[in-house]
Asks: 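Below: one structure in structure tokens.
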Amino acid sequence: MKQKKIEVKALAKSFGSNAVLKQVDLEVFAGEVVVILGPSGSGKTTLLRSLNFLEQPDSGTLEICGHRVEVVAGRKLSRGDNQQITKLRQKTAMVFQSFNLFPHLTALENVIEGLVSVKKVPRKEAIDKGMALLEQVGLGEKAESYPARLSGGQKQRVAIARALSMDPQVIFFDEPTSALDPELRDEVLSVMRNLANAGMTMLVVTHEIKFAREAADRVIFMEGGVVIKDSPSELFFSESSGERIQQFLRRH
Ligand SMILES: Nc1ncnc2c1ncn2[C@@H]1O[C@H](COP(=O)(O)OP(=O)(O)OP(=O)(O)O)[C@@H](O)[C@H]1O
Ligand SMILES: [Mg+2]
């Protein structure tokens with residue numbers, strides 16, 4: 001049995017009176033690529049952000065990379081909970097639609113920033129690792145370029161290299177190609193495919209149905225804050241997934 005990297009039970013989150021996540025359950029095993037699909041506003045981003053407490057859930061139990069936090073409505077997180085959150089954040093990384101690179105740092109400096117400032121890795125060692133990661137995403141030659149001189153696809157690949165620099169056990173992607181022109185999407189998706197093939201555990205919110213078909217082990221479909229389908233990729237994309245899924249797929 002493969003190791004469980006994520007186990008979420010009865011996760012709930014509201015913004016005011018808007019119940020955005022309603023009792024969401026989620027499991028992700030080591031090496032799995034799980035794609036989350038669903039219409040706009042269905043809670044996909046809120047779910048991802050809740051997993052590393054960028055968004056504070058209202059209630060639910062989360063176990064991420066071996067660190068467990070039980071959130072009870074109306075009860076403050078304990079010091080122990082906050083320690084678990086710090087630890088689970090160190091084992092996960094997030095890639096956003098908007099890249100979020102530091103504009104005043106070169107590609108290489110962006111990649112090694114966390115290594116040097118958070119992990120206190122000696123600069124020389126960090127540079128070696130950063131260069132290797134930039135090579136891995138096909139950007140060895142852009143190490144000294146500032147983000148303003150990079151295309152969207154290149155910026156997103158730098159962001160992926162930066163995510164990898166911290167040796168995460170799981171990477172969360174939130175629509176990593178949505179801000180990119182269509183012709184730049186493939187270079188990012190191909191880096192993601194390579195990561196998937198190398199065994200990285202990935203949870204990916206995307207509208208790229210082709211990527212989901214090719215790379216996902218499992219697809220989760222959310223609507224109205226509820227997981228309405230969670231099935232192996234082959235099944236999800238077969239007729240048997242039902243009319244709602246077929247309708248969604250026809251539109252994308
Ligand atoms: N910080 C916030 N404050 C208030 N409401 C929010 C906040 N973040 C999200 N919401 C609301 O929560 C709901 C779900 O948003 P979320 O961003 O999770 O959807 P999504 O599935 O990621 O959509 P999209 O495909 O458009 O990115 C929406 O109704 C949104 O308006
Ligand atoms: Mg979103």
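Whatever order the structure lists them in is the order used to number ligands and atoms, beginning at 1. What you see is a predicted model; the values in this text were computed from it and never measured.
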Asks: Among all protein heavy atoms, pick out the one at the shortest distance from atom 18 (O) of ligand 1; state its residue, atom name and that distance to 0.1 Å.
Replies: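 It is T46 OG1, 2.6 Å.
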Asks: How far is atom 27 (O) of ligand 1 from its nearest protein heavy atom, and which residue and atom is that?
Replies: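 Scanning the protein heavy atoms, the shortest distance from atom 27 (O) of ligand 1 goes to E175 OE2, 3.4 Å.
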Asks: How far does CZ of R123 sit from CD of E109, to the nearest 0.5 angstrom?
Replies: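 Here the interatomic distance stands at 6.0 Å.
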Asks: Once rounded to the nearest 0.5 Å, what's the spacing between atom NZ of K5 and atom CD of Q169?
Replies: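 The CD atom of Q169 is 3.5 Å from NZ of K5, to the nearest 0.5 Å.
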Asks: Closer than 2.8 Å to the Mg ion (ligand 2), do we get an N, O or S atom from S40, backbone or side chain?
Replies: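 Not a single backbone or side-chain N, O or S atom of S40 is under 2.8 Å from the Mg ion (ligand 2).
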Asks: Below the 3.5 angstrom mark, is there an N/O of E55, backbone or side chain, next to an N/O of ligand 1?
Replies: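 So ligand 1 has no N or O lying under 3.5 Å from an N or O of E55.
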Asks: Below 3.5 angstrom, do we get any N/O pair linking G41 and ligand 1?
Replies: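 So ligand 1 has an N or O lying under 3.5 Å from an N or O of G41.
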Asks: Nearest to atom 26 (O) of ligand 1, what protein heavy atom do you find, and at what distance?
Replies: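 Result: S40 OG, 2.6 Å.
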Asks: Within the 3.5 Å criterion, strictly below it, is a donor on Q247 or R244 matched to an acceptor on the partner's side chain?
Replies: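 Their side chains do contain a donor-acceptor pair, which is all the 3.5 Å distance test asks for.
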Asks: What are the atoms of ligand 1, with element, lying closer than 4.0 Å to any heavy atom of G43?
Replies: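 Contacts of ligand 1 toward G43, numbered from 1: 14 (C), 18 (O), 19 (O), 20 (P), 21 (O).
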Asks: Please answer: with hydrophobic residues joined when any side-chain heavy atoms are less than 4.5 Å apart, are V33 and V219 in the same cluster?
Replies: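 Per the 4.5 Å side-chain linkage, V33 and V219 are co-clustered.
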Asks: With respect to atom 17 (O) of ligand 1, which of L21, N18, I36, T45 exhibits the smallest heavy-atom separation?
Replies: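 The option holding the nearest heavy atom is T45.
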Asks: Just to confirm my output: which protein heavy-atom neighbour is closest to atom 21 (O) of ligand 1, and how far is it?
Replies: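 Here the nearest protein heavy atom works out to K44 NZ, 2.8 Å.
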Asks: Looking at atom 4 (C) of ligand 1, is any protein heavy atom nearer than 4.0 Å to it?
Replies: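 Given the 4.0 Å limit, the answer for atom 4 (C) of ligand 1 is yes, a protein heavy atom qualifies.
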Asks: Counting non-hydrogen protein atoms only, what is the nearest one to atom 6 (C) of ligand 1? Give residue, atom name and distance.
Replies: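 Minimum-distance protein heavy atom for atom 6 (C) of ligand 1 reads F15 CD1, 3.2 Å.
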Asks: Determine whether M94 and L48 make a side-chain contact, defined as any pair of heavy atoms from C-beta on separated by less than 4.5 Å.
Replies: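 Result yes, sub-4.5 Å side-chain heavy-atom pair found.
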Asks: Do P57 and L21 have side-chain heavy atoms sitting under 4.5 Å apart?
Replies: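 With C-beta onward as the side chain, the pair stays apart.
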Asks: To the nearest 0.5 angstrom, please state how far the OG atom of S98 sits from the CD atom of Q156.
Replies: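 The distance works out to 8.0 Å.
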Asks: Do D217 and V34 have side-chain heavy atoms sitting under 4.5 Å apart?
Replies: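 No - every pair of side-chain heavy atoms lies 4.5 Å or more apart.
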Asks: Got H67 and K91 here, is their nearest side-chain heavy-atom distance under 4.5 Å?
Replies: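 A side-chain contact under 4.5 Å exists here.
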Asks: Check whether any protein heavy atom sits under 4.0 Å from atom 31 (O) of ligand 1.
Replies: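 It does not: no protein heavy atom is found less than 4.0 Å away from atom 31 (O) of ligand 1.
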Asks: Judging by distance only, is a nitrogen or oxygen of V20 under 3.5 angstrom from one on ligand 1?
Replies: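 No, since none of the N or O atoms of V20 sits under 3.5 Å from an N or O of ligand 1.
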